[in-house]
Asks: 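Below you will find the structure I want to go over with you.
Labels below follow one simple rule: chain letters A, B, ... track the order of the sequence lines, proteins then strands, and each chain is numbered from 1. These values consider heavy atoms only, across backbone and side chains, with no hydrogens, waters or symmetry-generated copies.
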There are 2 protein chains.
Amino acid sequence: MAPTRADTVYAGLRRAIIEQALAPGDKLPEDQIGRSFGVSRTLVRGALSRLQSEGLVHIRANRGAEVARPTLAEATDIFEMRRCLELEATRRLAARAGPDDIARLEAHLAEETASLGVNDTRSIRLAGEFHILLAELAGNQVLLGYVAELVSRCSLILALYGRPHSAECGVREHRDIIEALRRRDGDAAARLMQHHLDDVAGRALLSDPAARPRDLGAILEPYAG
Amino acid sequence: MAPTRADTVYAGLRRAIIEQALAPGDKLPEDQIGRSFGVSRTLVRGALSRLQSEGLVHIRANRGAEVARPTLAEATDIFEMRRCLELEATRRLAARAGPDDIARLEAHLAEETASLGVNDTRSIRLAGEFHILLAELAGNQVLLGYVAELVSRCSLILALYGRPHSAECGVREHRDIIEALRRRDGDAAARLMQHHLDDVAGRALLSDPAARPRDLGAILEPYAG
DNA sequence: TATGCCAATATTGTATACAATATATTGACG
DNA sequence: CGTCAATATATTGTATACAATATTGGCATA
């Protein structure tokens with residue numbers, strides 16, 4: 001089941017958005033993206049359409065696609081649902097976590113720690129992926145899909161309204177959550193997760209969305225592989 | 001913002017699946033569907049791709065699309081999440097429901113009641129839409145989207161594993177839920193909703209998935225408008 | 001009759017062409 | 001100097017063409 005070229009475009013754009021190489025509001029012209037990835041507009045359209053259904057891209061008829069710019073109301077809804085679903089995941093996992101689950105979480109935490117001052121982009125990505133891993137271990141595929149989607153959309157919101165990233169803050173809290181899960185203490189884990197998510201949401205404070213011109217080709221170059 | 005023709009195809013296929021005119025496993029060849037709707041394969045592909053991302057259609061590379069056939073494990077996950085999210089919606093609505101909300105629910109209930117022996121397809125659709133309306137009134141767009149998706153996917157599951165529909169059963173329970181919401185009694189409403197959903201899930205019992213040949217053109221004809 | 005291989009057919013994967021719509025530019029006029 | 005209209009350009013909307021892959025049917029062989 002080799003990933004098709006359409007998947008490559010989809011995944012590349014998705015990463016570029018999540019890692020904030022592409023900022024909310026950036027235009028995404030089909031032919032330009034097609035040139036970057038070496039595919040035709042047909043495939044680009046498909047990728048953009050998928051991204052729209054995940055809420056990462058906004059498409060207006062006859063006016064093209066751009067990286068989604070969630071309103072404050074949408075941002076609120078997204079954070080609310082993220083909290084709801086991640087608490088569900090945390091409780092489920094607390095009720096079923098085995099030693100191998102804990103081991104996977106700790107391995108991930110080690111990666112997070114290792115990347116801390118070294119590679120900022122990687123830090124940001126790993127911090128998000130911790131939450132996705134947790135949802136995966138909770139054992140419900142649908143829950144996993146929704147959490148993954150909401151975590152992605154939160155990157156957008158932080159890019160729009162958040163302070164510049166200080167990725168470090170999360171790691172300690174992640175460790176505490178793992179500890180509670182190891183003790184199978186669902187209430188404690190849920191409480192810690194709730195505080196952690198409130199922290200993240202709290203960083204959603206207005207900063208000026210400085211609009212500088214952007215060279216799409218250069219931005220996408222590292223994602224086109 | 002006139003709905004484009006791609007949307008027409010998407011919506012038509014979606015309805016055909018949800019109303020069980022198209023059964024799980026039915027093949028969905030692009031050119032045939034294109035002929036039914038009077039559009040090219042390009043637009044059909046887009047629609048199928050969107051339906052896949054909602055879990056209603058399954059696409060395999062070079063082998064085409066078919067109506068999704070959720071496994072029993074997937075069905076379990078879907079029902080679990082549906083319960084989780086609908087309970088959330090019910091509690092939220094109980095905390096905020098105003099007279100106009102109640103009025104809209106009751107208007108819907110009246111439609112459900114009116115269609116009871118008259119039009120089976122319509123009955124099934126309205127029963128599902130009650131849950132979607134409730135989620136809409138809960139006031140979170142993301143929650144609404146997820147509930148709508150899960151309700152759709154449950155139609156698939158009932159088509160696969162469920163007994164033949166007896167739509168009537170739901171209406172009484174819907175009325176009780178509205179009553180609890182009117183009293184702003186969140187606990188009672190959530191409890192009633194939980195029982196109601198357990199009923200629905202309980203109908204997911206094995207029946208033989210009789211595979212008869214199906215005339216795709218005839219099935220789609222009423223949806224192609 | 002059963003089985004495996006090869007051609008024939010059908011279906012999807014992708015690019016490109018042309019039409020329709022939106023955006024930008026230019027120039028005239030107040 | 002600013003505003004509006006007309007045109008030119010760019011971008012999306014859709015269909016079609018051709019290539020690549022899967023499926024089907026027939027034929028030879030055991």
Asks: For a quick test of reading the model: is some side-chain N or O of R45(B) closer than 4.0 Å to OP1 or OP2 of dG13(C)?
Replies: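 Result: yes.
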Asks: Hey, what's the ring geometry for F130(A) with H174(A), parallel, tilted or perpendicular (30° and 60° as the breaks)?
Replies: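 Taking H174(A) first and then F130(A), their aromatic rings lie parallel (interplane angle under 30°).
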Asks: Rounded to the Å, how far apart are N62(B) CG and dA19(D) P?
Replies: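 About 16 Å, once rounded to whole Å.
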Asks: Mind calculating the distance between CZ (F37(A)) and P (dT14(C)) to the nearest angstrom?
Replies: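 Distance check: F37(A) CZ to dT14(C) P gives 15 Å.
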Asks: Quick one: is dT11(C) close enough that its OP1 or OP2 comes under 4.0 Å of any side-chain N or O from R41(B)?
Replies: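 No, no such contact exists.
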Asks: Between I59(B) (CD1) and dG13(C) (C1'), how many Å, whole number?
Replies: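 Taking atom C1' of dG13(C) as the reference, CD1 of I59(B) is at 12 Å.
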Asks: Is any side-chain N of the basic residue among E74(A) and R153(A) closer than 4.0 Å to the acidic one's carboxylate O?
Replies: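 Looking at E74(A) and R153(A), the cut-off is not met.
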Asks: Where the side chain of S123(B) meets the backbone of S115(B), is there a donor-acceptor pair that is under 3.5 Å apart?
Replies: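 Yes, because the side chain of S123(B) sits within donor-acceptor range (under 3.5 Å) of the backbone of S115(B).
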Asks: Of D31(B) and T42(B), whose nearest nucleotide on DNA chain C comes first from the 5' end?
Replies: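 Its nearest nucleotide being more 5', the pick is D31(B).
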Asks: Closest approach to the side chain of S40(A), judged atom by atom: which nucleotide of dT16(C), dT16(D), dT12(C) is it?
Replies: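 Closest nucleotide to the S40(A) side chain: dT16(C).
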Asks: Take L133(B) and R104(B) through the side chain to side chain contact (heavy atoms under 4.5 Å, CB included) test and state the conclusion after the steps.
Replies: CA-CA 8 Å; L133(B) 174 59; R104(B) 285 187 64 187; 3.6 Å; yes
Asks: Counting heavy atoms from C-beta on, name the nucleotide in dT14(D), dA15(C), dA22(C) closest to the side chain of L43(B).
Replies: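 Side chain of L43(B) sits closest to dT14(D).
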Asks: For the base of dG13(C), is there a side-chain donor-acceptor partner from R63(B) under 3.5 Å away?
Replies: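 A donor-acceptor contact between them is absent.
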